[in-house]
Amino acid sequence: MTQDELKALVGQAALQYVVPGEIVGVGTGSTVNKFIDALQSMKGNIKGAVSSSVASTERLKAIGVPVFDSNEVEEISVYIDCADEIDHRGFMIKGGGAALTREKIVAAQSKRFVCIADESKLVEVLGKFPVPVEVIPMATKRVMRQFAAMGGQAKLRMKDGSPLVTDNGQQILDVSGLAVRDPLAFENEVSQWPGVVTVGVFAHQKAAVCLLGTAAGVKTLSF
Ligand code: 5RP
């Protein structure tokens, strides 16, 4: 199976976690796009969605799913999202699509995070994929130096020759060279650096379940 087919497989499998009559939390990325495609078949059975990005909002609206602002909703039963890396404890790196801040917000208001991923995303130690960090532009250089002091190389994410601007009007640093062996400690430390909006290590908002697309079918990992 191709990676695209594995993404479609887990996107479809995630439907079983969507609670009929309720609002579902929806992440961002190519795997989530497959989930949104699959969601079309049950859009009449859900109240709507809270979305984690402008891109997912547009996609949800295009298939006729009402999108609610996260402030209009209290608790969400399930949040479906993909990841750039997930380890055997359900800790993840996210933000490859630059939507990490809103993803963390929607994940935090959800009871259960269901991660959908193809098997290439499962790792022993987080950090081979550069850790995305959303920063306020004024603090970019300083935060880069702080990462250098811990052995990481931070690069400003670019788009069409200019720094990428997130849905929140901020910038993204991608930090390579880190082995994140203690995701909780890492998230706690980096989150309190001045100017950091969100670090793309999801330890507090880790997955409860991962639907992993493998050549042998969907494997369910519970954490
Ligand atoms: C977006 C994300 C995505 O979940 C992550 O990049 C994985 O995306 P894909 O399914 O396209 O591999 O964190 O900010």
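All of these numbers come straight from a predicted model, not from anything done at the bench. All residue numbers refer to positions in the sequence shown, counting from 1.
Among residues two or more places apart in sequence or in another chain, the side-chain contact (heavy atoms from CB on, under 4.5 Å) test is passed with T57 by S51, K61, V67. Listed by chain and number, the residues in a side-chain contact (heavy atoms from CB on, under 4.5 Å) with E58 are V54 (sequence neighbours excluded). Legend: residues meeting side-chain contact (heavy atoms from CB on, under 4.5 Å) with A179, ordered by chain and number and at least two apart, are V125, R181. Applying the side-chain hydrogen bond (donor to acceptor under 3.5 Å, both in side chains) criterion to Q16, with sequence neighbours excluded, gives no partner residue. Evaluation of the salt bridge (charged side-chain N to carboxylate O under 4.0 Å, His left out) rule for D4 yields K34 as partners, not counting sequence neighbours. Taking N33 as the reference, I36, R59 meet the side-chain contact (heavy atoms from CB on, under 4.5 Å) condition, with sequence neighbours excluded.
Counting only heavy atoms from C-beta outward, the side chains of V10 and F35 never approach each other to under 4.5 Å. Side-chain contact check for S110 versus E75: every heavy-atom pair is 4.5 Å or farther apart. With a 4.5 Å cut-off on side-chain heavy atoms, I86 and F223 count as touching. Side-chain atoms of K155 and P130, non-hydrogen and from C-beta on, never get closer than 4.5 Å to each other. L9 has its side chain within reach of M1: a pair of non-hydrogen atoms, C-beta onward, lies under 4.5 Å apart. Contact annotation: the side chain of L178 approaches that of F186 to within less than 4.5 Å [non-hydrogen atoms, C-beta and beyond]. The closest side-chain heavy-atom distance from W193 to V199 is not below 4.5 Å. Under the 4.5 Å side-chain criterion, counting only non-hydrogen atoms from C-beta, L122 is in contact with H88.
Atom OH of Y79 and atom CD1 of I105 lie 10.0 Å apart (nearest 0.5 Å). Atom CD1 in I116 sits 6.0 Å away from atom OG1 in T31 (nearest 0.5 Å). Atoms SG and CE, from C115 and M92 in turn, are 5.5 Å apart once rounded to the nearest 0.5 Å. Annotation: the span from D69 atom CG to E72 atom CD amounts to 5.5 Å, rounded to 0.5 Å. To the nearest 0.5 angstrom, L173 atom CG is 11.0 Å from L164 atom CG.
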Identify each donor-acceptor pair in which a side-chain atom of residues 38-49 lies under 3.5 Å from a protein atom, sequence neighbours left out, and give them as a table.
| unit_1 | atom_1 | unit_2 | atom_2 | d |
| --- | --- | --- | --- | --- |
| S41 | OG | A38 | O | 2.8 |
| K43 | NZ | I63 | O | 2.9 |

Listing, residues 200-215 side-chain donor-acceptor contacts under 3.5 Å, not counting sequence neighbours, or none:
| unit_1 | atom_1 | unit_2 | atom_2 | d |
| --- | --- | --- | --- | --- |
| H204 | NE2 | N188 | OD1 | 2.7 |
| K206 | NZ | R89 | O | 2.7 |
| T214 | OG1 | A216 | N | 3.1 |
| T214 | OG1 | G217 | N | 3.3 |
| T214 | OG1 | G217 | O | 2.7 |

Between side-chain atoms of residues 136-149 and protein atoms elsewhere (two or more places apart, or another chain), which donor-acceptor pairs fall under 3.5 Å?
| unit_1 | atom_1 | unit_2 | atom_2 | d |
| --- | --- | --- | --- | --- |
| T140 | OG1 | P137 | O | 3.0 |
| T140 | OG1 | Q171 | OE1 | 3.0 |
| R142 | NH1 | Q146 | OE1 | 3.1 |

Contacts table for residues 17-24: side-chain donor-acceptor under 3.5 angstrom, sequence neighbours left out:
| unit_1 | atom_1 | unit_2 | atom_2 | d |
| --- | --- | --- | --- | --- |
| E22 | OE1 | S77 | OG | 2.6 |

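No chain of hydrophobic side-chain contacts below 4.5 Å, direct or via other Ile, Leu, Val, Met, Phe, Trp or Tyr residues, connects L60 to I76. Tracing side-chain contacts under 4.5 Å through hydrophobic residues (I, L, V, M, F, W, Y), one reaches V106 starting from F113; they form part of the same cluster. Placement of M150 and V131 within a single hydrophobic cluster is found when ILVMFWY residues are connected by side-chain heavy-atom separations under 4.5 Å, directly or transitively. A single hydrophobic cluster is not seen to contain both V197 and V190; linkage of ILVMFWY side chains at heavy-atom distances under 4.5 Å, directly or through other members, places them apart.
A salt bridge (Lys or Arg N to Asp or Glu O under 4.0 Å) check over residues 159-180, counting only residues at least two apart or in different chains, returns the pairs R157-D174. For residues 92-107, the pairs satisfying side chain to side chain donor-acceptor pair (under 3.5 Å) are D81-K94, K94-E103, T101-E134, T101-T198, R102-N168, K104-E187, with sequence neighbours left out.
A distance-only check finds a donor-acceptor pair linking the side chain of Q109 to the backbone of V73 [under 3.5 Å]. Judged by distance alone, with hydrogens and angles left aside, the side-chain atoms of D84 form a donor-acceptor pair with the main-chain N or O of G96 at under 3.5 Å.
Counting heavy atoms of neighbouring residues, nucleotides and ligands inside a 6.0 Å radius, atom CD of E74 does not exceed 12 of them.
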